[in-house]
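Please read all numbers here as calculations on a predicted model, not as lab measurements. Side chains included, hydrogens not; waters and symmetry mates left out as well; all remaining heavy atoms used.
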Amino acid sequence: MLTFSFLTLFPELLAPFAQEAIVGKARGRGLIDVRLVNLRDFAENKHLKVDDTPYGGGAGMVIRVDVAARALATLPPADEVILFSPAGERFTQKVAEELAGKRHLAFLCGRYEGFDARVEGLVTRELSIGDFVMMGGEAAAACVLEAVARLRPGVLGDEASHRDDSFSSGLLDYPEYTRPLEWQGQTVPEVLRGGNHAAIANWRREQALARTLARRPDLLPTAGLTSQDSATLLSLGASAEQLSAWNAPPPPPPRKRRRKSRPPAPSEPEHTETAE
């Protein structure tokens with residue numbers, strides 16, 4: 001079981017994510033556990049005050065380091081103690097896969113002007129979900145909970161369903177279709193209806209490459225491209241210079257057309273003269 005412990009001033013914001021949909025079902029089946037820890041329970045004052053004004057002046061309030069330390073001390077040992085911070089490393093699918101292999105993750109969700117800087121000495125890692133500002137860490141925590149929990153064995157109905165997801169393969173996902181077969185003049189591609197699994201796999205890879213080239217070419221340098229991918233990208237309009245910048249291998253050499261051997265010309269029958 002993987003346990004998520006979230007230390008927050010607003011546990012009610014995270015409760016729905018821990019109770020509903022796939023995460024809630026996984027929790028009910030004992031595949032994961034989610035603990036919501038209210039930082040106010042460790043305030044040690046009658047007003048449950050967890051923050052104070054910053055030294056040196058300035059707007060806003062800062063969450064006290066002693067409050068965070070007392071809350072963390074009540075938890076079982078964690079593989080990672082993570083602080084959501086704009087200074088943290090970017091949360092990616094690769095990081096999610098790494099965290100999914102742990103047994104206990106503890107997260108500090110800040111509010112106001114954040115935590116006292118000395119909290120950084122209590123954590124093992126800082127994460128950011130993007131270059132923008134939110135009012136607290138709970139929304140980021142919900143993102144991480146869903147991204148990591150779905151990678152645990154047994155959480156998804158189809159164990160292989162996440163392998164072709166966007167970012168898991170290094171590329172954006174290929175387009176998916178279901179019924180109706182035709183809608184407002186748009187028809188499901190013929191290849192998906194033909195039952196040729198090799199052709200479908202090739203089409204999906206080509207579509208993933210096309211989408212990534214058009215929308216997120218920044219992903220291509222780390223996508224683990226193959227020589228056949230290079231050939232596909234060239235056919236989609238990429239240049240040889242771009243392939244080099246993406247560390248892509250050279251495309252396979254063109255196949256030589258085998259010359260058909262001509263059958264030998266029929267021999268002419270011998271002409272013999274007959275006497276009259």
Side-chain angles (χ1 to χ4, degrees), residues 2-19 23 27 32-149 167 218:
L2 170 57
T3 298
F4 298 83
S5 295
F6 296 105
L7 285 66
T8 169
L9 293 174
F10 298 99
E12 61 274 13
L13 293 179
L14 282 167
F17 287 91
Q19 296 167 354
V23 171
R27 190 181 182 191
I32 64 170
D33 189 21
V34 180
R35 300 178 182 180
L36 304 179
V37 180
N38 194 331
L39 287 169
R40 295 192 189 278
D41 294 341
F42 305 92
E44 293 191 349
N45 59 73
K46 65 178 181 179
H47 298 296
L48 303 180
K49 186 175 174 60
V50 299
D51 56 355
D52 214 327
T53 55
Y55 279 110
M61 303 291 281
V62 179
I63 301 174
R64 294 166 53 119
V65 62
D66 55 335
V67 173
R70 284 194 290 270
L72 285 170
T74 65
L75 299 178
D79 298 309
E80 296 269 19
V81 178
I82 297 170
L83 172 68
F84 290 110
S85 164
E89 69 176 297
R90 181 69 61 88
F91 180 68
T92 63
Q93 187 67 20
K94 183 178 179 181
V95 175
E97 291 168 358
E98 179 190 345
L99 295 180
K102 307 292 185 180
R103 296 184 63 84
H104 182 200
L105 302 171
F107 298 87
L108 285 163
C109 304
R111 279 274 155 174
Y112 316 128
E113 293 302 308
F115 286 93
D116 184 302
R118 290 168 287 187
V119 164
E120 294 174 9
L122 305 176
V123 306
T124 62
R125 195 169 198 166
E126 297 182 37
L127 289 180
S128 168
I129 64 167
D131 296 338
F132 51 90
V133 180
M134 296 188 296
M135 291 182 286
E138 289 78 18
C143 292
V144 173
L145 171 60
E146 290 219 347
V148 175
F167 311 117
D218 57 295

Do Leu99 and Leu127 have side chains that get closer than 4.5 Å, going by heavy atoms? yes

Roughly how far, to the nearest 0.5 Å, is the CD atom of Glu80 from the NE2 atom of His104? 11.5 Å

Just jot down the side-chain hydrogen bond (donor to acceptor under 3.5 Å, both in side chains) partners of Glu126, sequence neighbours excluded, or say none. Ser85

Can you confirm whether Phe115 sits close enough to Leu39 that some side-chain heavy atom of one is under 4.5 Å from a side-chain heavy atom of the other? yes

Would you check if Cys109 and Phe84 make a side-chain contact, meaning some heavy-atom pair closer than 4.5 Å? yes

To the nearest 0.5 Å, how far apart are CG in Asn45 and CZ in Arg40? 10.0 Å

Is it true that, when you exclude Phe17 itself, more than 12 heavy atoms of the residues, nucleotides or ligands shown sit nearer than 6.0 Å to its CZ? no

Less than 4.5 Å apart, side chain to side chain, heavy atoms only: is that true for Leu14 and Phe107? no

Going through the distances and angles, do Val81 and Arg125 end up as a side chain to side chain contact (heavy atoms under 4.5 Å, CB included)? CA-CA 6 Å; Val81 178; Arg125 195 169 198 166; over 6 Å; no

Qualifying salt bridge (charged side-chain N to carboxylate O under 4.0 Å, His left out) pairs with a residue from residues 53-62, counting only residues at least two apart or across chains: none

Measuring from atom CG of Leu36 to atom CZ of Phe4, what distance do you get when rounded to the nearest 0.5 angstrom? 12.0 Å

Can you confirm whether Glu113 sits close enough to Pro54 that some side-chain heavy atom of one is under 4.5 Å from a side-chain heavy atom of the other? no

Can you name the residues that form a salt bridge (charged side-chain N to carboxylate O under 4.0 Å, His left out) with Lys94, not counting sequence neighbours? none

The reported gap from CG in Leu108 to CZ in Phe6 (rounded to nearest 0.5 angstrom) is 11.0 Å

Output a table of donor-acceptor pairs, distance under 3.5 Å, between side-chain atoms of residues 58-75 and any protein atom two or more places apart or on a different chain; print 'none' if there are none.
from	atom 1	to	atom 2	distance (Å)
Arg64	NE	Asp66	OD1	3.0
Arg64	NH2	Asp66	OD2	2.7
Arg70	NE	Phe42	O	3.1
Arg70	NH2	Phe42	O	2.9
Thr74	OG1	Ala71	O	2.7

So how far is it from Arg27 CZ to Thr3 OG1, rounded to the nearest 0.5 Å? 10.0 Å

Tell me the salt bridge (charged side-chain N to carboxylate O under 4.0 Å, His left out) pairs involving residues 5-18, sequence neighbours left out? none

Residues 128-145, side-chain donor-acceptor partners within the protein, below 3.5 Å, at least two apart:
from	atom 1	to	atom 2	distance (Å)
Ser128	OG	Gly130	N	3.2
Ser128	OG	Gly130	O	3.1
Asp131	OD2	Arg90	NH2	3.2
Glu138	OE1	Arg111	NE	3.0
Glu138	OE1	Arg111	NH2	2.9
Glu138	OE2	Thr8	OG1	2.5

